[in-house]
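Written out below as structure tokens is the structure these notes cover.
Just follow the structure's listing: the first ligand is 1, and inside any ligand the first atom is 1.
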Amino acid sequence: MADAAIQPKTESLRTLPGDDVRQVLWRFADRYDLQMLVQSVRAVARGPVARLVAEGARHEHDWTPRKAALLDHYDASGITGVFMDPEDGGFIEGPKNFALALTAFELAWVDAGAATGALAGFLGLSPIHERGTPEQNHRYMALAAPARAAAEGRKPMRAAFALTEPIPYVGVDTGMLNGKVRIAEWKDGAEPVLKVDKRGRFITNMGFANVVTAAVESADPRIKGSCMVILEEGDPGVFDRGTPTRKLVHQLSSTSDPIFSLTVPASRIVGGYTVKDGVVVPNYSHSEVIEAVFKRTRVTVGVMTSAKLLSAVEPVIRYQRQRFRGAEQAKPGSLRYELGIQQREDALHRLASIWAMGEAAASLGFQTARLFDELDPLERKKDALLKDQNIGGTRATMKWMSMVEKNALELLELQGHPQGEKEAKRIAQLQGDEMVRYALIEAQANVLCPATKLWNTGQGATMMREALSLMGGYGITEDCPGFLPLKWMDAQLEATYEGPEAVQRRQLSVTMVNELFLAQVKSWIRELRHIAATRPGTGACTLATAFQAWLWTTRHLATARDAHGEKLYQSPRQGVSFPLADALAWLCASRAQILDLVELDEKGPGHPTLAEGFAGLSQFMTDLCHVQAMRAAGEVGRICAELVYGYNKHPEWDEDARRTCYTVDELDSLEGIVSGIGSAANDVIGTGGSHPPKAGPCARCQNVSDFAALRVKLDACLTGSRLSKDRAAIALSKVMIPEALDYPA
Ligand SMILES: Cc1cc2nc3c(=O)[nH]c(=O)nc-3n(C[C@H](O)[C@H](O)[C@H](O)COP(=O)(O)OP(=O)(O)OC[C@H]3O[C@@H](n4cnc5c(N)ncnc54)[C@H](O)[C@@H]3O)c2cc1C
């Protein structure tokens, strides 16, 4: 590894990236409010939360008083209030997706159960926040805001979200509801009274929540469809919290299977209702509400798993370095003493992969959270505009949306080509159109949210196993520093709740083939090439080619058929669309990481605390980007090749196939005309009809020659990427780490 080609051209990484680096990378260097939030959440995470884990509180399934005490810490530190607007007792102005993502990151750095416990309250409130009436919104946000509660001398209200039901009802398939709503009483001229029956399964916060937003379906001809209803402890009837779930993970959150049979006024229907011909028509079905909710909350879950990967770096380095200290053969100053296991290339390479994936996952999660912060106000403007123009109903809204999307596509098309004055004017006009901006961001967000949830948690869980394996036997003991084994198990829950991977892949299989998204992918490819032109070592060029291969494959599969003549890209064929979704998620994560690096390179040198040692930091982060782009390109190449070639029938040695091959006699006679043809021919039929010992003549797949060329190019684009990994590995063996972890083991 000492070869000059891989030695850092500049200095090496000096210390692990601190808050100042993160603030620039994740774009909150100018948000003092968020920096303060991070500090106060961290104090809770590395203080009371870490102590509880270290004391073994995760061995209990029940919601115990010592776990419940965490709620007071969440309230006092501002964690509970992050979700609310200032007028309802919160303290952060504007959209809060990014603030919530930072909160989740800090808590999950230590324990994702604590993060989940804190955030599940927001999940419970989210149906009201996203689709509730203004009255519902103000009432419940104010009830839940700790500042308001303290001023009024009461405890804050705690919320839970109840969608999942006992088998055989709602799980991945959110349409199969067994929870029911009926009219209990409807006096003339008065508000209807509803009877709600709902059994939940695995409902977070149920050990203490006193308000529940529950998904139910009508079991009464006087109520149309489905809806979500707000249930309060104290409503007449049964509010049974149920038995605690015997979880192997996230024990610092409370989960149980509750039973509700309650009578509530119809004003509790989330988003309100109208009465048409004597029938209560909810303004939003339960699916419309949960779609709006999960669209945002799933991002924070993805961010949690990224925190675990990054939190593993320091404990692993410390373990590797100290591994042989104290042995007679490892004298201070010797390589064995100083570097321990870090003398070994594999240990360093694997750690570099973990770190690279952690960076990419965090970049993707925070990028998506910021995107939702941009989307939220635009979405509200769109809703207001549609209302103003009296456009309602699915069909009319879709018609309006397709007109806006047409404009957005025109903008992308114009931006992709050299422009004259007329085009520049039109570009400026379209860029100034907020609804065009809305359409562009929405098309991205619809992909990046499920991609974050899918990739960060699924691949993150797999990568956490790697982190444990680097700790040897220690990695699977309760004493392992950084709570790494717990984090590994926990990651599997993050991959499961709020919709497991299949749900995210299903959503991606629809949103990633939206023309407006695909057109943006083309501009991403151009952008990556431009980045590569000034930052060749980032892997941006490799990634651009990988995006091209993905785009080609997506276009190809849209019309291609398999060997039986069946269409390949269609909803039931998850074997086609799901891997393609996985491939895209790898690409999105790597792209987000590279964009963050560009930001760091632009802002870092002028930053008061980053300037010193910046060259080493930048080189290391560049190498990590390259490592990740290499991995993403590898995954994409593999997946796309399987899909492009895998559904064709391989030729056999039948008559038709044999006719396409040379015979030995033909080759002999051709040799005089084309010298060397015999050695170039692959599939030659011998005398007596014998053939080479293989499955059949080699598949030609002539209609995919463009893909074959792209694949060869993609492989060649990996040039230099392993040198980057070597360089990152060397940096890992030199970087300084603190004496001890800042939270207990
Ligand atoms: C600790 C914990 C806390 C939770 N908190 C809450 C909460 O607060 N509120 C709430 O409502 N729910 C909650 N859940 C429920 C969670 O969201 C569900 O468990 C999850 O969505 C999966 O549903 P399921 O368990 O019924 O899995 P299933 O629906 O049985 O799915 C199992 C597997 O089958 C496959 N599969 C199923 N359907 C399909 C399909 N159509 N296509 C392809 N593959 C498919 C997938 O691989 C999936 O992973 C929680 C769960 C746990 C474990």
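Listed by number with element, the atoms of ligand 1 under 4.0 Å from a non-hydrogen atom of A502 are 43 (C), 44 (N), 45 (C), 46 (C). The L163 neighbourhood of ligand 1 comprises atoms 10 (C), 11 (O), with distances under 4.0 Å to a heavy atom of that residue. Heavy-atom contacts of L493 reach the following atoms of ligand 1: 1 (C), 2 (C), 52 (C), 53 (C) (cutoff under 4.0 Å).
Counting only non-hydrogen atoms, the option in V172, T496, T255 that gets closest to atom 27 (O) of ligand 1 is V172. Proximity annotation for atom 48 (C) of ligand 1: of A209, P500, S253, P500 comes nearest, heavy atoms only. With atom 4 (C) of ligand 1 as the reference point, the heavy atom nearest to it among F294, Y497, F202 is part of F202.
Ligand 1 has a nitrogen or oxygen under 3.5 angstrom from a nitrogen or oxygen of F161. Between D173 and ligand 1, no pair of N/O atoms sits closer than 3.5 Å. Geometrically, ligand 1 and L123 share no nitrogen or oxygen pair separated by less than 3.5 Å. An N or O contact shorter than 3.5 Å is missing between G171 and ligand 1 by distance.
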(request) Evaluate the criterion ring pair (Phe, Tyr, Trp, His ring centres under 6.0 Å) for residue pair F294 and F161; output intermediate values, then yes/no. (result) CA-CA 11 Å; F294 284 149; F161 172 88; 5.5 Å; yes
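Look at K247 and you'll find a heavy atom under 4.0 Å from some atom of ligand 1. A heavy-atom separation below 4.0 Å is found between R506 and ligand 1. In this structure, A120 has no heavy atom closer than 4.0 Å to ligand 1.
At a 4.0 Å heavy-atom cut-off, ligand 1 touches Q574 through the side chain alone. When heavy-atom distances to ligand 1 are checked against a 4.0 Å cut-off, V249 has no atom that comes that close, whether in backbone or side chain.
For the atom pair CD (Q444) and CD (Q367), the distance works out to 7.0 Å, reported to the nearest 0.5 Å.
Taking the six-membered ring where tryptophan is involved, the planes of F122 and F83 are essentially parallel, since the angle between them stays under 30° and well short of 60°.
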